[in-house]
Amino acid sequence: MDVVEVLDALAYHEKQVAYHQAQGLRILAEYALACEGEEFFDAEIAAAMHWTSAWTANQIALALDLASKLPRTLDALEKGEIDLYKARVLYDTTMPLSADLAAQVEESVLAKADGKTGAQVRRLASRVVMRVDPDGHRDRAETRKSQRCTGVDPLPDQMARLWAYLPLDKAAACYDRVDTIARGLQHPDDPRTLDQIRADVVADLLLATPDRTSAVKVEMYVTVSAATLMGLSEQPGELAGYGPITADLARELAGDATWRRLLTDPVTGEALEFGTSTYRPPARLRRFVWVRDRTCRFPGCMRPAHQSELDHTVPFPLGPTSQENLGPFCRHHHRVKHRTAWQVVQPTPGTFQFRSPAGKTYRREPEPVFDDPPPF
């Protein structure tokens, strides 16, 4: 069996799996409706399927919601157009919404879900929920913020997981600070991996161990339309590497000197042209490509652009150091591009077309920061 046959077989069986998962959910929903009013009917299911009580309740809730509130999602799963993870994403993000609002989210997300990974669908769904239910989203965000906390979970072999439940902007800033310090401490003689250094940095900072790099400056990027910044629109912004944020938070962060704001023209959508005769892109060009592309351009990769390497589509100096010939690739996919038979072209700025060693073609279009134009 050659590579193409393997890929086709995988795709076929994934569709079959999705079909049977949809059938199972339909059966579960029908049974739950037939047993409505009966106490403990779920115990029979849990025993037969060898599920825990909590997982049984979760599966029943998922089945009922998909069958009644999100029927198009269940149909798409049955046809193999989406997988169960993406169906779950729609279930999770629409859970607090009314049936009418959930239907709006479902329609918008399913229309754009083709070719997207689960992570991309989750980000898209979050943005659509913000748009269709801005007041509800704001209330839920405030509720979640009031639930911020920290804890520690014991793990085997004398280890533990230290965690903090924080608002997105603070969590992102904390992680980027730790990551920046850790990368600054890397050197060839250090046997630690980057993950190990990050963990040590967290411990050093919290335990107040003297650290000569702890005052490192971290740049975080928030993208916001000029109309939103001026209070003329409630269009969500974008926190680089993390996803959509409310207009209120975008305005707050854009006015904070510790964050770098990136403005988009809400009317023309025009971007400045950049070019240079040097191999290394200047800072303004790097930032432009970061905000234009947002993530590593390799199909399905969601590594933030500002944490990736800028790559010349046509190798320099045959190709220029300009927006038409640059794109972010994470370190792993940068190596894939240069060390394997993968071929990449950029027919228009921000559009990347790939041809795999197996002859498969993939196209990654520019990802608009804002899905819908402002109401002008």
Side-chain angles (χ1 to χ4, degrees), residues 10-137 139-141 143-144 236 243-244 300 302 371-372:
L10 284 173
Y12 170 80
H13 287 294
E14 282 297 301
K15 282 197 171 187
Q16 293 301 306
V17 168
Y19 169 81
H20 288 292
Q21 287 172 328
Q23 291 303 304
L25 289 167
R26 289 191 190 280
I27 292 169
L28 190 57
E30 289 174 7
Y31 181 67
L33 289 172
C35 295
E36 191 173 8
E38 293 183 24
E39 193 174 9
F40 307 128
F41 78 91
D42 55 328
E44 184 75 48
I45 298 172
M49 299 304 296
H50 308 292
W51 291 346
T52 65
S53 296
W55 180 249
T56 303
N58 179 281
Q59 288 294 96
I60 292 172
L62 172 65
L64 288 172
D65 246 27
L66 291 181
S68 59
K69 193 175 175 183
L70 300 168
R72 293 181 58 189
T73 301
L74 189 54
D75 288 343
L77 178 64
E78 188 173 61
K79 295 173 184 175
E81 295 171 351
I82 61 172
D83 57 30
L84 183 58
Y85 177 83
K86 293 168 189 172
R88 229 176 225 292
V89 165
L90 275 160
Y91 164 70
D92 289 340
T93 53
T94 61
M95 193 182 299
L97 304 183
S98 67
D100 288 343
L101 291 178
Q104 293 180 43
V105 174
E106 178 184 50
E107 180 180 8
S108 182
V109 172
L110 289 179
K112 300 176 182 178
D114 185 43
K116 285 185 166 56
T117 65
Q120 290 170 326
V121 170
R122 183 172 292 279
R123 183 172 294 187
L124 171 62
S126 296
R127 186 185 304 284
V128 177
V129 168
M130 283 185 187
R131 190 187 73 232
V132 303
D133 187 30
D135 293 337
H137 175 79
D139 292 343
R140 290 190 294 273
T143 299
R144 297 293 189 192
M302 295 294 287
D371 293 316
D372 301 290

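All residue numbers in this chain count up from 1 along the given sequence. Keep in mind that what you see is a predicted model, and the values were worked out from it rather than measured.
The structure places OH of Tyr31 at 13.0 Å from CG of Leu64, a figure rounded to the nearest 0.5 Å. Taken to the nearest 0.5 Å, the CZ atom of Arg123 stands 9.0 Å off from the OG1 atom of Thr117. In this structure, the separation between CD on Glu106 and CZ on Arg72 is 6.0 Å, given to the nearest 0.5 Å. Note that OH of Tyr91 and CG of Leu74 are 13.5 Å apart. Values are rounded to the nearest 0.5 Å. Atom CD1 of Ile60 is separated from atom CG of Leu33 by 10.5 Å, given to the nearest 0.5 angstrom. Atom OG1 of residue Thr93 and atom CG of residue Leu70 lie 8.0 Å apart, to the nearest 0.5 angstrom.
Remark: the backbone N or O of Asp139 is paired with a side-chain donor or acceptor of Thr143 at under 3.5 angstrom. A donor-acceptor distance shorter than 3.5 angstrom exists from the side chain of Lys69 to the backbone of Leu97, with no hydrogens or angles considered. In this structure, the side chain of Lys112 does not engage the main chain of Ser108 through any donor-acceptor pair within 3.5 Å.
In this structure, Glu44 places its CD atom where only 12 or fewer heavy-atom neighbours from other residues, nucleotides or ligands lie under 6.0 Å away. The local environment of CD in Gln16 is crowded, with over 12 non-hydrogen atoms from other residues, nucleotides or ligands closer than 6.0 Å.
Contact annotation: the side chain of Met49 never approaches that of Thr56 to less than 4.5 Å [non-hydrogen atoms, C-beta and beyond]. Side-chain contact check for Val17 versus Leu84: every heavy-atom pair is 4.5 Å or farther apart. For the pair Glu36/Phe41, no side-chain contact is recorded, criterion being any heavy-atom separation below 4.5 Å from C-beta on.
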Please walk me through it: do Thr73 and Lys86 pass side chain to side chain contact (heavy atoms under 4.5 Å, CB included)?
CA-CA 9 Å; Thr73 301; Lys86 293 168 189 172; over 6 Å; no
Walk me through whether Glu81 and Asp114 qualify under side chain to side chain contact (heavy atoms under 4.5 Å, CB included).
CA-CA 7 Å; Glu81 295 171 351; Asp114 185 43; over 6 Å; no
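Classification of Asp135 and Arg140 as a salt-bridged pair fails, no side-chain N sitting under 4.0 Å from a carboxylate O. Taking the charged nitrogens against the carboxylate oxygens, Glu78 and Arg26 do have a contact shorter than 4.0 Å, which makes a salt bridge.
Smallest separation of non-hydrogen atoms from Ala67 and Ala29: CB-CB, 3.8 Å. Among all heavy-atom pairs drawn from Gly80 and Ala18, the shortest one is CA-CB, 4.1 Å.
Each of Leu110, Ile82, Val89, Asp83 was scored for a side chain to side chain contact (heavy atoms under 4.5 Å, CB included) with Val121, with one residue passing: Val89.
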